Amino acid sequence: MSDEGGNLWNEDLAPTTAAQRTWRARHFAALWLGMVIAVPAYMLAAGLVEQGMSAGQAVWAVLLGNLIVLAPMLLIGHAGARHGVPYAVLARASFGWRGARLPALARAIVACGWYGIQTWIGGGALLTLLGVMVGAKLDGPPIPLLGIGVGQLLAFLAFWLIQLAFVTKGLETVRKLETWTAPVKVVVCLALVWWALSKAGGLGPILHEPSAYDPGGAKAGRFWADFGPAVTAMTGYWATLALNIPDFTRFARTQKDQILGQALGLPGPMALLAAMSVVVTSATVLIFGKAIWDPVALSGDIGGVAVLVGLVIISLDTVSCNIAANLVGPAYDFAALWPRRITYRIGGWITAGIGVLIMPWKLLESTAGYIFVWLTGYGALLGPIAGILIVDYWILRRTALDVPALYDRAGAYTYRSGWNPAALIAFAVGVAPNLPGFLHAAAPHAFAGIGQPWTTIYQYAWFVGALLAGTLYGLLMRGKIPG
């Protein structure tokens with residue numbers, strides 16, 4: 001491989017060898033189960049209940065969104081299993097070896113946000129655990145500008161430091177940790193459901209809790225108008241992993257292992273967790289008179305020895321889930337920006353640093369902000385990339401890649417000085433229609449003048465971006481790829 005000074009290659013980005021391909025279907029299923037059974041995923045359906053959906057409506061929205069996102073997950077994951085390359089290298093085939101830094105950076109920044117969110121949740125679990133032990137709230141006085149208490153900040157930073165210890169352990173350690181902790185987390189969720197059923201008087205009262213979309217409800221007649229955007233947000237939840245899934249599938253023993261493992265590990269467990277979360281959240285309406293969508297906050301209200309055990313497990317789970325879902329991808333992506341200087345380990349440290357600066361607690365201030373601004377918003381950014389990758393790999397190249405050329409500045413993926421104009425134009429066109437709607441959703445007072453059709457387009461941001469960018473890229477590249 002010609003790489004002129006190591007600008008496109010290092011050991012972390014190199015194609016996997018036969019000896020490294022040890023992941024079987026059960027490992028992928030366990031990995032997904034470990035990433036799925038996590039607080040942010042629990043908050044998806046719980047947040048929809050808090051927004052007014054019934055238990056059944058929320059579960060269907062989550063299940064449908066995850067069935068949809070499974071398709072790009074398997075399509076893009078195929079490249080990792082077949083050619084052994086990570087996402088940041090795969091993107092060079094469509095964007096060019098220089099242009100690939102754009103999708104790598106976009107994916108990395110979003111993952112940094114998720115890393116910060118998970119760290120905030122882990123710190124919250126740690127603080128709640130200490131609070132239950134001493135019998136007092138430990139949030140502390142609020143800090144100006146930050147908007148959180150001193151105790152919350154200290155717990156956040158403490159958990160951040162704990163996670164750094166795992167950054168140097170590598171992906172194999174994460175796989176082992178996820179494999180062993182996944183069944184334990186299911187038991188914790190079942191225990192929470194048992195508590196909800198015992199306190200709410202069984203499943204009947206929970207399932208009969210009315211939806212705000214029922215006749216006479218606060219959102220009567222608006223269900224289908226809100227259901228589509230909710231499915232879009234649910235699809236967007238795993239839009240990050242749908243891109244960088246080759247970072248994992250490159251270690252698959254066979255193509256069948258990654259397909260079967262992911263198909264078993266993603267939609268079903270997500271639907272199961274959604275069912276558990278809506279049962280518990282709907283029960284909190286009956287028990288406390290309001291929907292409590294954050295299980296860590298709910299645990300603090302419950303108290304008891306069982307809660308202490310549960311919070312310890314949540315804390316351990318957050319470490320393993322956060323590293324697998326939100327650190328592996330951006331660590332590779334940052335390494336791809338400057339392979340000669342940035343290793344996987346340094347990329348992980350960069351991810352952790354940005355995760356603090358992004359102030360993740362701001363993203364979780366409300367269910368509407370979490371679901372329709374954060375999830376839908378970054379879906380608008382990542383959807384176009386997914387469309388371009390799928391069209392390039394499956395339709396134009398028919399799954400064939402010149403792997404050595406992916407690491408060669410003078411190879412087949414040079415395009416124009418390392419940039420593919422077709423991919424850049426398609427990406428811009430895919431993002432542009434969603435930008436006005438995002439600005440309106442993120443800052444409604446500042447952008448109150450933005451209305452139809454932009455707000456409607458934004459509600460389906462991931463789909464709009466993927467379809468527009470993928471279609472345009474295919475048209476611009478037609479006839480330009482030998483084959």
Side-chain angles (χ1 to χ4, degrees), residues 1-3 6-35 73-93 97 100 104 165-182 241 243-265 320-321 323-336 339-348 389 393 397 399-408 411 413:
M1 295 180 189
S2 170
D3 181 24
N7 290 326
L8 300 182
W9 185 94
N10 65 26
E11 291 184 0
D12 296 316
L13 298 176
T16 50
T17 64
Q20 291 175 298
R21 293 171 175 262
T22 59
W23 289 42
R24 297 176 179 266
R26 68 175 183 272
H27 297 132
F28 283 101
L31 177 76
W32 271 114
L33 187 60
M35 292 191 293
M73 197 83 66
L74 297 178
L75 292 174
I76 297 174
H78 184 281
R82 178 169 182 176
H83 300 287
V85 296
Y87 159 67
V89 173
L90 173 65
R92 294 171 183 170
W97 63 263
F166 287 84
V167 171
T168 60
K169 300 298 181 181
L171 194 54
E172 188 65 17
T173 300
V174 174
R175 179 184 68 79
K176 292 178 180 178
L177 188 59
E178 291 286 10
T179 301
W180 288 105
T181 60
L241 264 294
L243 292 183
N244 80 283
I245 193 64
D247 296 342
F248 298 92
T249 59
R250 64 199 293 247
F251 297 100
R253 187 175 59 94
T254 66
Q255 198 70 249
K256 181 181 177 180
D257 283 308
Q258 74 96 1
I259 293 174
L260 182 61
Q262 292 203 82
L264 292 175
S320 61
C321 176
I323 292 174
N326 306 314
L327 186 134
V328 172
Y332 281 126
D333 295 339
F334 285 127
R340 186 162 40 182
R341 293 282 184 260
I342 301 177
T343 63
Y344 170 84
R345 182 184 302 180
I346 295 174
L389 292 182
Y393 180 71
R397 303 187 189 278
T399 73
L401 289 175
D402 183 349
V403 174
L406 290 171
Y407 301 86
D408 187 350
Y413 309 112

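What you are looking at is a predicted structure, and each value in this text was computed from that prediction instead of being measured.
- Residues Asn244 and Ile76 are not in side-chain contact: their nearest non-hydrogen atoms beyond the backbone lie 4.5 Å or more apart.
- The shortest side-chain heavy-atom distance between Thr16 and Trp23 does not fall under the 4.5 Å cut-off.
- The CZ atom of Arg21 sits 12.0 Å away from atom CZ of Arg253, with the distance rounded to the nearest 0.5 Å.
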Please report the C-alpha distance between Trp9 and Val89 in whole Å, then the side-chain angles of each, then the deciding distance to 0.1 Å, and finally whether the side-chain contact (heavy atoms from CB on, under 4.5 Å) criterion is met.
-> CA-CA 9 Å; Trp9 185 94; Val89 173; over 6 Å; no

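- Looking only at distances, a side-chain donor or acceptor of Asp257 sits under 3.5 Å from a matching main-chain atom of Ala25.
- Looking at every heavy atom in both residues, Gln258 comes nearest to Thr249 through OE1-CG2, 3.6 Å.
- Scanning all heavy atoms of the two residues, the minimum distance from Ala405 to Gly411 falls at CB-CA, 4.4 Å.
- Contact check for Pro246 versus Val85: no side-chain heavy atoms found under the 4.5 Å cut-off.
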May I have the step-by-step check of side-chain hydrogen bond (donor to acceptor under 3.5 Å, both in side chains) for Thr399 and Arg82, ending in yes or no?
-> CA-CA 9 Å; Thr399 73; Arg82 178 169 182 176; 2.3 Å; yes

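- Distance CG/Leu260 to CZ/Arg24: 12.5 Å, rounded to 0.5 Å.
- Remark: Arg250 is not positioned above the aromatic ring of Tyr87, lacking an NZ or CZ atom under 6.0 angstrom from the ring centre and at most 45 degrees off the axis.
- In this structure, Leu406 and Ala93 approach most closely via the heavy-atom pair CD2-N, 3.8 Å.
- Heavy atoms only, all atoms of each residue included: Ala100 and Ala88 are closest at CB-O, 3.9 Å.
- Looking only at side-chain heavy atoms (C-beta outward), His78 and Leu75 stay at 4.5 Å or farther from each other.
- Side chains of Phe28 and Leu33 form no contact here, defined as non-hydrogen atoms less than 4.5 Å apart.
- Between Gln262 and Leu31, every side-chain heavy-atom pair lies at or beyond the 4.5 Å cut-off.
- The minimum heavy-atom distance linking Arg92 with Tyr407 is given by the pair NH1-CD2, 3.7 Å.
- A 4.5 Å side-chain heavy-atom check between Tyr393 and His83 finds at least one atom pair inside the cut-off.
- Residue Leu401 holds its CG atom at 6.5 Å from CG of Leu90, rounded to the nearest 0.5 Å.
- When every heavy atom of Pro15 is checked against every heavy atom of Val403, the shortest pair comes out as CG-CG1, 3.7 Å.
- Asp408 is not listed as a side-chain neighbour of Leu8, based on a closest heavy-atom distance of 4.5 Å or more.
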